[in-house]
Undergrad: 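Pasting a structure here, questions to come.
All chains are named by letter (A, B, ...) in the order of the sequence lines, taking the proteins before the strands, and each is independently numbered beginning at 1.
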Amino acid sequence: MAGDFFERVYAYLQKVPRGKVVTYGQIARALGAPRMARQVGYALHVNPKPGVIPCHRWVNRCGGRAPAVAFGGTDAQKQLLLAEGVEVRADNTVDMEKYQWRGE
DNA sequence: CTCTTGACGCACA
DNA sequence: GTGTGCGCCAAGA
């Protein structure tokens, strides 16, 4: 069931350690669906468990995201990442080379 | 049941 | 190196 895929995404997100970020493509690929990057984003869009699903750790390949479509605003996102020790640039982008979680 | 849109990613020009 | 287009799967209308 496709919905199960969503659960899989949430599980992966919860598996991400604090202070690290992951990209849609990376998650999708990790789940065995490199073409489902969009659905991964959709999974966050529905976000059935706010507070449990740290969406702020979810970034696109650019290390950022939509300019003003976040759960609480890009600025809030930025603050959360900074609170976790993730260096966020003025463009709301993260240093992928340093903070992108490569899994295990 | 069909068409459009979508928090993306990659290939090609 | 930059810009544009297309593809993938799913959910909403």
Side-chain angles (χ1 to χ4, degrees):
Chain A
M1 180 176 179
D4 185 59
F5 177 79
F6 279 55
E7 296 296 304
R8 199 71 47 173
V9 177
Y10 304 138
Y12 193 88
L13 182 56
Q14 291 174 65
K15 200 177 80 158
V16 178
R18 170 178 162 292
K20 293 283 180 169
V21 295
V22 286
T23 68
Y24 293 93
Q26 183 184 334
I27 297 161
R29 186 186 300 181
L31 296 176
R35 272 69 200 192
M36 274 164 104
R38 305 177 87 149
Q39 268 44 353
V40 175
Y42 211 86
L44 270 76
H45 177 79
V46 294
N47 200 357
K49 296 176 186 243
V52 183
I53 313 294
C55 316
H56 58 270
R57 289 187 192 158
W58 234 314
V59 295
N60 56 20
R61 67 159 196 96
C62 300
R65 254 193 340 15
V69 198
F71 56 95
T74 21
D75 187 68
Q77 185 69 294
K78 183 178 178 180
Q79 298 302 315
L80 287 166
L81 289 168
L82 291 170
E84 299 207 341
V86 179
E87 184 178 19
V88 182
R89 295 188 174 192
D91 305 279
N92 301 308
T93 50
V94 186
D95 194 327
M96 311 306 294
E97 298 299 299
K98 286 171 162 278
Y99 299 105
Q100 181 176 39
W101 184 51
R102 300 183 176 187
E104 300 171 70

Undergrad: Remember a base hit wins even if backbone is also touched, and classify A/R38 as base, sugar-phosphate or nothing at under 4.0 Å, heavy atoms.
TA: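 It contacts base atoms.
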Undergrad: What integer distance in Å separates A/Y10:OH from B/dA7:P?
TA: 15 Å
Undergrad: List for me each residue that meets side chain to side chain donor-acceptor pair (under 3.5 Å) alongside A/R38, sequence neighbours excluded, and say none if there are none.
TA: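 Testing A/R38 for side chain to side chain donor-acceptor pair (under 3.5 Å), a comparison that skips the adjacent residues, returns none.
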Undergrad: Rounded to the nearest angstrom, tell me the gap between atom OH in A/Y12 and atom P in B/dA7.
TA: 22 Å
Undergrad: Taking atom C1' in both C/dG3 and B/dA7, what distance in whole Å separates the two?
TA: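 So the two C1' atoms sit 22 Å from each other.
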Undergrad: Considering only heavy atoms, which members of residues 20-35 of chain A lie under 4.0 Å from some atom of DNA chain B?
TA: A/Y24, A/G25
Undergrad: Enumerate the residue pairs fulfilling ring pair (Phe, Tyr, Trp, His ring centres under 6.0 Å) with a member in residues 26-51 of chain A, sequence neighbours excluded, ordered by first and then second residue.
TA: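 Passing the test, one end in residues 26-51 of chain A: A/Y42-A/H45.
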Undergrad: For A/K98, check side-chain contact (heavy atoms from CB on, under 4.5 Å) against everything at least two apart and list the hits.
TA: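 A/K98: side-chain contact (heavy atoms from CB on, under 4.5 Å) contacts with A/D95.
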Undergrad: Any chance you could measure A/R8, atom CZ, to A/M36, atom CE, to the nearest 0.5 Å?
TA: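 The CE atom of A/M36 is 11.0 Å from CZ of A/R8, to the nearest 0.5 Å.
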Undergrad: Which ring pair (Phe, Tyr, Trp, His ring centres under 6.0 Å) pairs, counting each pair once, include a residue from residues 79-104 of chain A, with sequence neighbours left out?
TA: A/Y12-A/W101
Undergrad: Who pairs with A/E84 by side chain to side chain donor-acceptor pair (under 3.5 Å), at least two apart in sequence or on another chain?
TA: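 Partners of A/E84 by the side chain to side chain donor-acceptor pair (under 3.5 Å) criterion, ordered by chain and then number, come out as A/H56, A/R57.
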Undergrad: Pick the nucleotide of DNA chain B nearest each of A/Y42 and A/R61; which residue has the one closer to the 5' end?
TA: A/Y42
